K.L.:
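Handing you this structure, nothing more for now.
To find a chain, count down the sequence lines: A is the first, B the second, and so on, and within it residues start at 1. Computed from a prediction, not measured in an experiment: that's the story for all the values here. Excluded from the calculations below are hydrogen atoms, water molecules and symmetry mates; all remaining heavy atoms, backbone and side chain alike, are included.
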Amino acid sequence: MAQETTYYKPEDLKKFGNIGEFGPDLAKKFFDYYGAVFADGALSAKEKSLIALAVSHVVQCPYCIDAYTTDTLEKGATEEQMWEAIHVGAAIRGGASLVHSVQALNKVKELGV
Amino acid sequence: MKSLLARGSELASSKEQLKILTEVSEKLALPSFSDKLKEVGLYPMLPTGVNILQVNLGKLCNQTCRHCHVDAGPDRKEIMNKETMQECLVALATPGVNTLDITGGAPEMNPNFRWFVEEASKLGKKIMIRCNLTILLAGEKYKDLPEFFAKHRLEVVSSLPYFQKRRTDSQRGEGVFDRSIEALRKLNSIGYGVPGSGLVLNLVYNPVGAFLTGGQSTLENDFKKELKQAHGVQFNSLFAITNMPISRFLESLLESGNIDAYLEKLVTSFNPVAATSVMCRNTLSVGWDGSLFDCDFNQMLDMRIEGKAGKISEFNKSVLDSREILLHQHCYGCTAGSGSSCGGSIA
């Protein structure tokens, strides 16, 4: 019910393919690229799915979280693998904030504190 | 957990299950499976020929799994009698029928199981046994089953929903994972699943929740690595099977509110390549009472092959080879994604 009062609706995920309605050429390029990115390569499709799960959390995309939680399960990932991936994303996100504290540190010193 | 039948659930009725599948499909405006086949030029679905006789020895089982499409369990008493088994043997002797696939319930609990296997093995056909593993530890009566399987060169096919305890026990019951591992070790100890032994041990994976199976080969590699490292267990191949939205898995989908999304996912994942290789095209399913069906799922939905040759006592290969396969919305389960059959992915 909560979704009814937000912009995000789970049922909209399955409409992702419709984004080309007013721009089919670019949408096709995007989906072709997307499909190629997630195919088995130097990394397996399962590893890529775990990366996508982590990134979904970092960019805080509810659609992506639903999609890649399902996808990693379908590809046989364990819950431990899924949560380690999520923590990798969280660590980078946290680290990205904290590494900027070097600037704060520099400023503190510049100000002669 | 008790069977749907023992609980007096409405879902014990195949009519009720089919009604739900029809209603959900209509509500979501999903195309009928027949119409989908028409779109890709595969309607009517015709057999390529009966090569595999899949015989269900009964619904009696020592386990009550959450997703069981048979609604099997210790409280189910329907089992095949010896006379019907004899009729199955006559059919099995028919040229062109190359494989006997024995299933249940736990088929080993049928008192005539060993006799049936002994007689079938005299015909020189390939024999597969769908063994739930824990039956091998269910007491004195069953403890020599691995040696019995090996003596008759049975190909053992066993369900193991996951290579970890939590998901396996969640689907098949508390303690099933540990007992399954012990049973697998027992099978390995006499050569099953060991390279070069000629004794084949295949595992069956099906998802523990409302999602489809991913790549079978990746899953097989994961299962092999994890089972070997953590438990010293070996096996030959992994068969990835899609959960059919019928019986106790249908109950689970309804209770969890996933029925709409799951059925829609099956339909939108329709793969015409998989549709050409569905198991009903080369397999005939025999119910515990001798009734004939296009597959094990049609059997559980009571969708009988009608007319002449509708019972195993009337088995007629040429009539059955030219029949029309009965279809309903659950058939999307065999054609979604990489497809699904009793032998795993098909596309």
Side-chain angles (χ1 to χ4, degrees), chain A residues 1-4 6 8-21 27-28 31 34-54 56 61-86, chain B residues 27-30 160-171 177 203-227 229-230 238-243 256-258 260-269 336-340 344-345:
Chain A
M1 286 300 109
Q3 285 85 10
E4 287 177 7
T6 75
Y8 290 114
K9 295 176 185 162
E11 65 269 24
D12 281 348
L13 175 56
K14 61 192 173 206
K15 298 178 191 164
F16 190 21
N18 301 346
I19 60 157
E21 188 173 347
K28 184 180 181 312
F31 284 119
Y34 196 94
V37 165
F38 281 93
D40 273 317
L43 291 174
S44 69
K46 180 180 157 187
E47 288 166 330
K48 290 178 180 183
S49 186
L50 285 163
I51 293 169
L53 180 67
S56 301
C61 165
Y63 300 121
C64 313
I65 292 171
D66 276 0
Y68 283 96
T69 300
T70 306
D71 194 63
T72 48
L73 284 169
E74 288 184 347
K75 290 189 165 55
T78 65
E79 288 85 340
E80 290 82 359
Q81 289 171 331
M82 293 164 70
W83 262 260
E84 281 188 19
I86 292 166
Chain B
K27 182 179 77 179
L28 301 174
L30 302 174
L160 190 72
Y162 205 52
F163 49 74
Q164 290 181 332
K165 183 178 169 64
R166 196 184 72 79
R167 284 195 211 173
T168 300
D169 285 1
S170 149
Q171 185 184 98
F177 182 78
L203 296 184
V204 173
Y205 160 86
N206 60 310
V208 177
F211 53 93
L212 302 186
T213 57
Q216 182 171 270
S217 60
T218 305
L219 283 162
E220 182 179 291
N221 289 339
D222 288 349
F223 265 67
K224 283 194 168 168
K225 187 175 142 216
E226 297 289 336
L227 289 178
Q229 279 179 359
L238 185 78
F239 299 159
I241 295 183
T242 302
N243 287 314
S256 62
N258 280 310
D260 290 7
Y262 190 74
L263 204 54
E264 193 165 35
K265 176 99 176 176
L266 292 181
V267 174
T268 53
S269 308
S338 302
S340 178
S345 297

K.L.:
Counting only heavy atoms closer than 4.5 Å, note whether B:L219 contacts chain A via side chain, backbone, both or neither.
P.N.:
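Just its side chain gets close to chain A.
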K.L.:
Considering only heavy atoms from C-beta outward, does the side chain of A:L50 approach that of A:E84 to under 4.5 Å?
P.N.:
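In short, these two side chains do not touch, never coming nearer than 4.5 Å.
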K.L.:
Report the C-alpha distance between B:L238 and B:L160 in whole Å, list the side-chain angles of each, state the deciding distance to 0.1 Å, and finish with yes or no for side-chain contact (heavy atoms from CB on, under 4.5 Å).
P.N.:
CA-CA 9 Å; B:L238 185 78; B:L160 190 72; over 6 Å; no
K.L.:
Using only distance, no hydrogens or angles, which N or O donor-acceptor pairs sit under 3.5 Å between chain A and chain B?
P.N.:
residue, atom, partner, partner atom, Å
A:K14, NZ, B:E264, OE1, 2.9
A:K46, NZ, B:D222, OD2, 2.5
A:E74, O, B:G214, N, 2.6
A:E74, OE2, B:L212, N, 3.1
A:G76, O, B:Y162, OH, 2.8
A:A77, O, B:Y162, OH, 3.0
A:A77, O, B:R167, NH2, 2.7
A:T78, N, B:Y162, OH, 3.2
A:E79, OE1, B:R167, NE, 3.3
A:E79, OE1, B:R167, NH2, 3.0
A:E79, OE2, B:R166, NH2, 2.2
A:E79, OE2, B:R167, NE, 3.1

K.L.:
Angle class for the A:F38/A:Y34 ring planes (parallel below 30°, perpendicular above 60°, tilted otherwise)?
P.N.:
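Geometry flag for A:Y34 against A:F38: tilted rings.
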K.L.:
Should B:L28 and B:V267 count as side-chain neighbours, where that means a heavy-atom distance under 4.5 Å?
P.N.:
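No. Closest side-chain heavy atoms not under 4.5 Å.
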K.L.:
State, to 0.1 Å, how close A:F16 and A:F31 come at their nearest heavy-atom pair, and which atoms those are.
P.N.:
O-CZ, 3.6 Å
